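As structure tokens, the structure follows; a few thoughts come after it.
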Amino acid sequence: MASMTMIQALNSAMDVMLGLDPDVLIFGEDVGYFGGVFRVTDGLQKKHGLTRCFDTPIGEAGIVGVAIGMGAYGLRPIVEIQFADYIYPAYDQLVSEAARLRFRSAGDFTAPITVRTPYGGGIFGGQTHSQSPEALFTHVAGLTTVVPSTPYDAKGLLISAVESNDPIIFLEPKRIYNGPFDGHHDRPVTPWSRHPASEVPEGYYTVPLGKAAVVRAGEAATILVYGAMVHVALAAVEDSGIDAEVIDLRTLVPVDIEAITASVKKTGRCVIVHEATRTSGFGAELSALVQEHCFYHLEAPIERVAGWDTPYPHAFEWDYFPGPARVAAALRRVTEG
Amino acid sequence: MAQGPKSSKPAAAAKPAAEKSLGDKDELLGFYREMLLIRRFEERAGQLYGMGLIGGFCHLYIGQEAIAVGMQGIKQPGDQVITGYRDHGHMLACGMDPRAVMAELTGRAAGAAKGKGGSMHMFSTSHDFYGGHGIVGAQVSLGTGLGLSNRYRDNGKVAFVYFGDGAANQGQVYESFNMAELWRLPVVYVIENNQYAMGTSVERSSSETHLFKRGASFNIPGAEVDGMDVLAVRDAGAKAAEHARSGNGPFILEMKTYRYRGHSMSDPAKYRTREEVDEVRKTRDPIDHLQERLEKAGLADEAALKAIDADVKKIVADAAEFARTAPEPEPGELYTEVYAEASA
């Protein structure tokens, strides 16, 4: 075991898979020689060679299209889209080709590709380097959408993603690449080395797709959350003193409905938290699922805490970012009602 | 019309092909048979569409047969083919079962994609046919990925990536060209220039109408080919494939061709005249062209060719009957093959 940041853990996952499977290769903008804009692929080209980890021209549709073709051929490419905000030119390829190949070829061809991309805010990236586009992918049948919240999960989930026979959208919350972030932007950042989930095995292991984790057990309410917001939710529980259960979904689709149902039936109250804009966000789907599965157990209306329905702002980042105060307020509303 | 193409418009002329070697009898008769199979198959598909047995979209390959068939003639085992939505002819040329293709058109469980794909979305791993893609130009990036796979595996195979004159204006085509030349990928890009992107002519949509030049700024060589002449296609294809296979990178072939039917089954045809279509049919038809050559060279007489036609008609009639009577998929199939887990 070693203490790793999320960046190191992701790097380790790819290092392990390049070593284990000659069908795995990595490409994207600046992932080879430069090692990636966030250094996630640092050293992989040097260690595994130019044919296994290489740079592409800037052109996301082409990059993802090429990866899908390789996937159809039987390879397992991992591509990096430098920021999730840059993924839109490739959206057609992801929706119309990657997600649908299996179905429309009746299982004859598949696209076992992993699209890694840093996402989310909290880094003063403004509107083109801060977005959380997960709902664009959870809406598409055929895609699997994964969001880790710790180095341990990041490595285990990424290995599962690479081994999956389906196309995976792997969203990396870049605000917590180097340390957990509890949403208190005015406090000093803690490094991952002080967090237990930074203990990461150096070799192969997996964290299963489609399984949520109960990161804090509680009785008073359920918080459904993923990515960087897991740490914000934990801070809100601490700040408010409300004994909430915090469920880290880890995979958004297929979502772990059993874990959600078990918790909400126990607590009777539910707060859903994400950074992405509120309207038609993944929280809307979660809210509908909770209503459908737990209606007779609910003792208060479901609350959603999300980004505002605006472009991601530069100047008002800490108003937009759903921090612990907003999550705690929602917890109070569902428990005091 | 042994002298090669006469008209310079609309299917503008490539060089006359009269001088090159005909090839052996079996090869030529094979070409004739394959082109005829596609022609008759598509005619029947058009009929089934008219009868309401095929719904939605159906883009017929009639007029363009020489391209799929001529290129198939130089394909080596394991070489891949990927194309857009006008895909029936390519699938038949690749050797896919006409029954399975026709049954996919009618949405039956025995179709090439169990009825889930339809006209534009069929595949066959065993024939190295990578689809049938309904998004204009999207297959060009995928095909480039096949080329990168060949390079990665160093398997000596070539990816044949087909697209039309309309797709040639899509941005990702040029992202793909750049990568293909940059990495010297074994890809032959085959532009089937049938002159019309749906209802928009090349002249009305393209600043450079000589599409084989579209790789120039990437240093990809290209050639214009008479796509109505199966032998010209074969010979140009062989050169391009050799270029790609021997490590020189991609090659672009612009096949000047013509589709006789509408873009799809609902085509008001206001963008061209009846006379224009008739002129091409009369003077440049790829099947008539080969028939004349065969007869002139004494390689086949009328009776032999009629026997081929009768045989082809039987295959197509059988495929149509199969596609008409084969059962539809079970409703439960809707939820299979969406994700790996649920797929048996």
Side-chain angles (χ1 to χ4, degrees), chain A residues 22-25 27 50-52 54-75 77 79 89-90 92-113 140-144 163-167 209-210 253-254, chain B residues 80 82 104 111-118 120-126 129-135 137-154 159 161 170-180 182-183 185 329 333-334 336-341 343-344:
Chain A
D23 289 346
V24 172
L25 68 159
F27 53 95
L50 270 167
T51 58
R52 306 296 302 286
F54 52 89
D55 298 317
T56 63
I58 296 173
E60 291 78 11
I63 293 169
V64 171
V66 161
I68 296 166
M70 297 186 90
Y73 180 82
L75 298 168
V79 298
D92 175 51
Q93 285 287 359
L94 290 167
V95 174
S96 303
E97 301 290 342
R100 310 274 162 79
L101 263 185
R102 177 185 298 281
F103 188 79
R104 74 170 189 254
S105 69
D108 213 2
F109 286 98
T110 61
I113 69 169
V140 180
L143 295 179
T144 296
E163 290 185 328
S164 168
N165 290 321
D166 287 318
L209 304 179
V253 171
Chain B
Q80 304 98 351
I82 187 166
E104 187 64 33
K114 293 193 197 164
K116 295 173 166 189
M120 300 180 279
H121 314 115
M122 287 185 236
F123 298 80
S124 174
T125 37
S126 55
F129 182 73
Y130 282 74
H133 296 265
I135 302 291
Q139 79 276 14
V140 179
S141 301
L142 270 65
T144 305
L146 293 171
L148 182 52
S149 301
N150 294 336
R151 187 81 204 281
Y152 185 76
R153 283 268 169 85
D154 196 20
V161 181
Q170 276 278 9
Q172 61 182 313
V173 169
Y174 299 93
E175 296 180 26
S176 300
F177 281 2
N178 185 40
M179 288 186 270
L182 184 67
W183 298 329
L185 304 184
E333 277 293 323
L334 186 58
T336 64
E337 283 132 2
V338 179
Y339 289 96
E341 297 269 302
S343 307

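Being a predicted model, the structure only gives us computed values, none of them experimental. Here is how names work: the chains are called A, B, and so on, in the same order as the sequence lines, proteins then strands, and each is numbered from 1.
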Quick one: ring-ring contact (aromatic ring centres under 6.0 Å, His included) partners of F27(A), sequence neighbours excluded? F54(A)

Note, R102(A) side chain near Y339(B) side chain (heavy atom, < 4.5 Å): no

Heavy atoms only: give me the nearest S141(B)-G62(A) pair and the separation to one decimal. OG-CA, 3.9 Å

Measuring heavy-atom distances to chain B, does P22(A) have an atom under 4.5 Å in its side chain, in its backbone, in both, or in neither? backbone

Euclidean distance, M70(A) CE relative to N150(B) CG, rounded to 0.5 Å: 9.0 Å

Can you find a pair of side-chain heavy atoms, one from F129(B) and one from D108(A), that are under 4.5 Å apart? no

Between A112(B), S124(B), G132(B), G117(B), the one whose heavy-atom pairs under 4.5 Å with chain A are most numerous: S124(B)

Nearest 0.5 angstrom please: L334(B) CG to F103(A) CZ, how far? 5.0 Å

Counting only non-hydrogen atoms closer than 4.5 Å, does A61(A) touch chain B with its backbone (N, CA, C, O), its side chain (CB onward), both, or neither? both

By a 4.5 Å heavy-atom criterion (distance strictly below it), what part of S164(A) contacts chain B: side chain, backbone, both, or neither? neither

Counting only heavy atoms closer than 4.5 Å, note whether T110(A) contacts chain B via side chain, backbone, both or neither. neither

Could you check whether any side-chain heavy atom of L75(A) comes within less than 4.5 Å of a side-chain heavy atom of R153(B), counting everything from C-beta outward? yes

Given heavy-atom pairs under 4.5 angstrom as the criterion, report whether the side chain, backbone, both or neither of Y130(B) touches chain A. both

Heavy-atom proximity to chain B below 4.5 Å, by part of V253(A): side chain

For Q93(A) and A138(B), indicate whether the former's side chain and the latter's backbone hold a donor-acceptor pair under 3.5 Å. yes

Can you tell me how far the OG1 atom of T51(A) sits from the CG atom of D154(B), to the nearest 0.5 Å? 10.5 Å

Set of salt bridge (charged side-chain N to carboxylate O under 4.0 Å, His left out) partners for D92(A), sequence neighbours left out: none

Give a yes-or-no answer on whether the side chains of R100(A) and H133(B) include a donor-acceptor pair shorter than 3.5 Å. no

Find out whether E175(B) and P57(A) are in side-chain contact, i.e. whether some heavy atom of one side chain is under 4.5 Å from a heavy atom of the other. no

Which heavy atom in G69(A) sits nearest to a heavy atom in L146(B), and how many Å separate them? O-CD2, 3.5 Å

Between E333(B) and chain A, with a heavy-atom cut-off of 4.5 Å, which part of the residue counts as in contact: side chain, backbone, both or neither? backbone

Could you give the distance from CG (L148(B)) to OG1 (T56(A)), rounded to the nearest 0.5 Å? 10.5 Å

